[in-house]
Engineer: 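Have a look at this one.
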Amino acid sequence: MTAPETTAAPTPSPAPTAAALALGDDALVLSHRLGEWAGHAPVLEEEVALANIALDLLGQARLLLSMAGDEDDLAYLREERAFRNLQLVEQENGDFAHTIVRQLYFSTYQHLLYAELAAGAGPFAPLAAKAVKEVAYHRDHAEQWALRLGDGTAESHERTRRASEALWRFTGEMFQPVEGVDVDWKGMEAAWLASVGEVLRRATLTVPEGPRTGAWAAGAGRQGLHTESFGRMLAEMQHLHRSHPGASW
Amino acid sequence: MATAAAHQTVSTQTYGAQGAAGDTAAYESAFDAAVAADERIEPRDWMPDAYRATLVRQIAQHAHSEIIGMQPEANWITRAPSLRRKAILMAKVQDEAGHGLYLYSAAETLGTGRDELLDKLHSGRQKYSSIFNYPTLTWADVGAIGWLVDGAAITNQVPLCRCSYGPYARAMVRICKEESFHQRQGYELLLALSKGTAEQHAMAQDAVDRWWWPSLMMFGPPDDESAHSAQSMAWKIKRHSNDELRQRFVDICVPQAESLGLTLPDPDLRWDEERGHHDFGPIDWTEFREVLKGNGPCNEQRITQRWRAHEEGAWVREAAAAYAAKHTETGATRA
């Protein structure tokens, strides 16, 4: 006797907590960094654009963290080592070129990831289907600026070159598989390298040569190891909430 | 109707033969008639130089207030105590940048570009609302700004939706809708604090204590001391006097403060049956004039931050211009 084949539709699996935290923390932390630009952007149009991206990411973060628990408890009451975001997104804003390159690297990744999740049937599909449209705009915005800065003046070229190299070592971490996120990580990495390489080339820049993976690359954010400035960022973000335990806002 | 026709005729003539004194008189009377008939003056219409200058000054000051006003609130984005509040605050500060954009565009229709106006702001030749020279010391200040500062701004701005200059009036329609959302979020934020813990309630009361009087000053000096008021009223740029709007604002706030469970810091505040309005205590105009002169707690800080963001962003704007020039040339060569 063989066991009868089950014909019942599989019940959708609940969102895996670790995966919701990883994706949610990426969005939360990058949104926070972009929020630091408010009142400091180089041109008024970018005040609007950077805030818009920050708001989209914050919206995604709230949905994702809510899949893992209470959004505010998770954002405000975890210690640094419990955050699962990529080290890339916690990097300080630096100059506008640094912020744009960080966004180019991340939005290209996030767009590929969400497109794949949206096409699947997993627990993140509905969220990814909505977010992928927002992220397409973030990616386009970053690409357009990377072109203008890379192929603008000698100064903007130099600043963008420096940023592209400084942040390169954080990009390998994006493609370390996250448990519960069912995508083709290798395929995504190849698509990312091709796309970012093409943008850099059109921006008259070269693809950095430093390591993206291995012992001398950065990136263990998914394991809860972060960089120095992240602790200060959290101190600022969490201070008020933690000063009034149990209060509602 | 007759005035509308005359007005339009004149505006088409503006681009024809210019200059004769007789023509100017005709333009002027058509302009006056259009204003009297509550018609809108549009960018291509003839208008007196002083009317144009008054509008540029007022719209620029308004635009500058929007972008300087981002600073005291942005001060709390990174510390907002819940993700919901953080999203609301970010959206609000973003709206203010958007308002700056509409308003600089409205000024541009009068022939004055954004760069020129920003230069005047940075060099202190143009002003912004003095209210933003006060610091935001606690989270409750975000609520007090929404409730009182945006509330006062709306009281001032709703009549501007009927301003005689078309582009300004239309920008104000959109701005007022967003401002009323801002005012409600401020009220709601304060209500949550007022009904929260004892510390939160005290934080809300302290913020209202600090922001109340400066908010009343936002309506400008008393009518008999206001330099530009009479002419602006005649041109229908302005529709109500400073004191009239201030009284309207006080009357709106008193019952709202009661619902909030917060006290307005004025021992003389009481309902006057005869006038049908609330009486309120004397405003410290010395403080107003000192802050206006540059001696407020944050004048230096606000302008320095604005100027620094502009200076530090120069290379970005240069890069965008260089890129555009290169790629336009390439396009032209190919064509």
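Chain letters run A, B, ... following the sequence lines, proteins first, then strands; residues in each count from 1. Note that the structure is a prediction, hence the values are computed from the model and not measured.
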Engineer: Considering only heavy atoms, which portion of A:Leu65 lies under 4.5 Å from any heavy atom of chain B: side chain, backbone, both, or neither?
Structural biologist: side chain

Engineer: With a 4.5 Å limit on heavy-atom distance, are the side chains of B:Glu312 and A:Phe96 in contact?
Structural biologist: no

Engineer: Is it the backbone or the side chain of A:Ala54 that comes under 4.5 Å from a heavy atom of chain B, or both, or neither?
Structural biologist: both

Engineer: Specify the closest pair of heavy atoms between A:Trp249 and B:Arg85, including all atoms of both residues, with the distance to one decimal.
Structural biologist: O-NE, 2.5 Å

Engineer: Please state whether the side chain, the backbone, both or neither of B:Leu193 comes within less than 4.5 Å of a heavy atom of chain A.
Structural biologist: side chain

Engineer: Where is the tightest heavy-atom contact between B:Ser82 and A:Asp72, given as atom of each residue plus distance?
Structural biologist: CB-OD2, 3.3 Å

Engineer: Does atom CD of B:Glu300 have more than 12 heavy-atom neighbours, drawn from other residues, nucleotides or ligands, at distances under 6.0 Å?
Structural biologist: no

Engineer: To the closest 0.5 Å, what do you measure between NE2 (A:His239) and CH2 (B:Trp139)?
Structural biologist: 13.0 Å

Engineer: Can you tell which part of A:Leu147 gets under 4.5 Å to a heavy atom of chain B, answering side chain, backbone, both or neither?
Structural biologist: both

Engineer: Let's test your reading of the structure: which of A:His241, A:Arg159, A:Glu155 forms the most heavy-atom pairs below 4.5 Å with chain B?
Structural biologist: A:Arg159

Engineer: With respect to chain B, which residue among A:Ala75, A:Gly150, A:Ser156 yields the maximal number of heavy-atom pairs within a distance under 4.5 Å?
Structural biologist: A:Ser156

Engineer: Could you tell me which non-hydrogen atom of A:Val48 sits nearest to which non-hydrogen atom of B:Gly98, and how far apart they are?
Structural biologist: CG2-N, 4.0 Å

Engineer: Looking only at heavy atoms, which two atoms of A:Leu55 and B:Met90 are closest? And how far apart?
Structural biologist: CD2-CB, 3.8 Å

Engineer: Quick one: which of B:Glu96, B:Arg317, B:Glu73, B:Arg308 has the most heavy-atom pairs under 4.5 Å with chain A, could you say?
Structural biologist: B:Arg317

Engineer: B:Ala80, B:Gly196, B:Ala192: which one forms the most heavy-atom pairs within less than 4.5 Å of chain A?
Structural biologist: B:Ala80

Engineer: Specify the closest pair of heavy atoms between B:Gly100 and A:Leu44, including all atoms of both residues, with the distance to one decimal.
Structural biologist: C-CD2, 3.9 Å

Engineer: Counting heavy-atom pairs under 4.5 Å to chain A, which of B:Asn75, B:Val316, B:Leu83, B:Ile77 comes out on top?
Structural biologist: B:Leu83

Engineer: Select one option (side chain, backbone, both, neither) describing which atoms of B:Ile67 are under 4.5 Å from chain A's heavy atoms.
Structural biologist: side chain

Engineer: Checking A:Ala41 against chain B: side chain, backbone, both or neither under 4.5 Å from a heavy atom?
Structural biologist: backbone

Engineer: Using salt bridge (Lys or Arg N to Asp or Glu O under 4.0 Å), reason through A:Glu71 and B:Lys86 one step at a time and then give a plain yes or no.
Structural biologist: CA-CA 12 Å; A:Glu71 60 175 36; B:Lys86 189 172 185 168; over 6 Å; no

Engineer: Testing B:Arg306, B:Met70, B:Gln305, B:Gln71 for side-chain contact (heavy atoms from CB on, under 4.5 Å) with A:His40, which one passes?
Structural biologist: B:Gln305

Engineer: I'd like to know which of B:Ala321, B:Ala309, B:Ala74 tops the heavy-atom pair count under 4.5 Å against chain A.
Structural biologist: B:Ala309

Engineer: What's the spacing between A:Ser248 OG and B:Lys195 NZ if we round to 0.5 Å?
Structural biologist: 12.5 Å

Engineer: Are any side-chain N or O atoms of A:Arg148 and backbone N or O atoms of B:Ala319, one a donor and one an acceptor, separated by less than 3.5 Å?
Structural biologist: no

Engineer: Which one wins on heavy-atom pair count under 4.5 Å against chain B: A:Gly246, A:Ala97, A:Ala154?
Structural biologist: A:Ala97

Engineer: Which answer fits A:Arg242, side chain, backbone, both or neither, if we ask what part of it has an atom under 4.5 Å from a heavy atom of chain B?
Structural biologist: neither

Engineer: Between B:Trp76 and chain A, which part of the residue has a heavy atom less than 4.5 Å away: side chain, backbone, both or neither?
Structural biologist: side chain

Engineer: Do B:Leu101 and A:Glu47 come close enough that some side-chain heavy atom pair is under 4.5 Å?
Structural biologist: no

Engineer: Where is the tightest heavy-atom contact between B:Thr78 and A:His32, given as atom of each residue plus distance?
Structural biologist: O-CE1, 3.2 Å

Engineer: For chain B, which of A:Asp151, A:Leu58, A:Leu240 has the most heavy-atom pairs under 4.5 Å?
Structural biologist: A:Asp151

Engineer: By a 4.5 Å heavy-atom criterion (distance strictly below it), what part of A:Ser243 contacts chain B: side chain, backbone, both, or neither?
Structural biologist: neither

Engineer: What part of A:Trp145 lies closer than 4.5 angstrom to a heavy atom of chain B: side chain, backbone, both or neither?
Structural biologist: side chain

Engineer: By a 4.5 Å heavy-atom criterion (distance strictly below it), what part of B:Arg84 contacts chain A: side chain, backbone, both, or neither?
Structural biologist: both

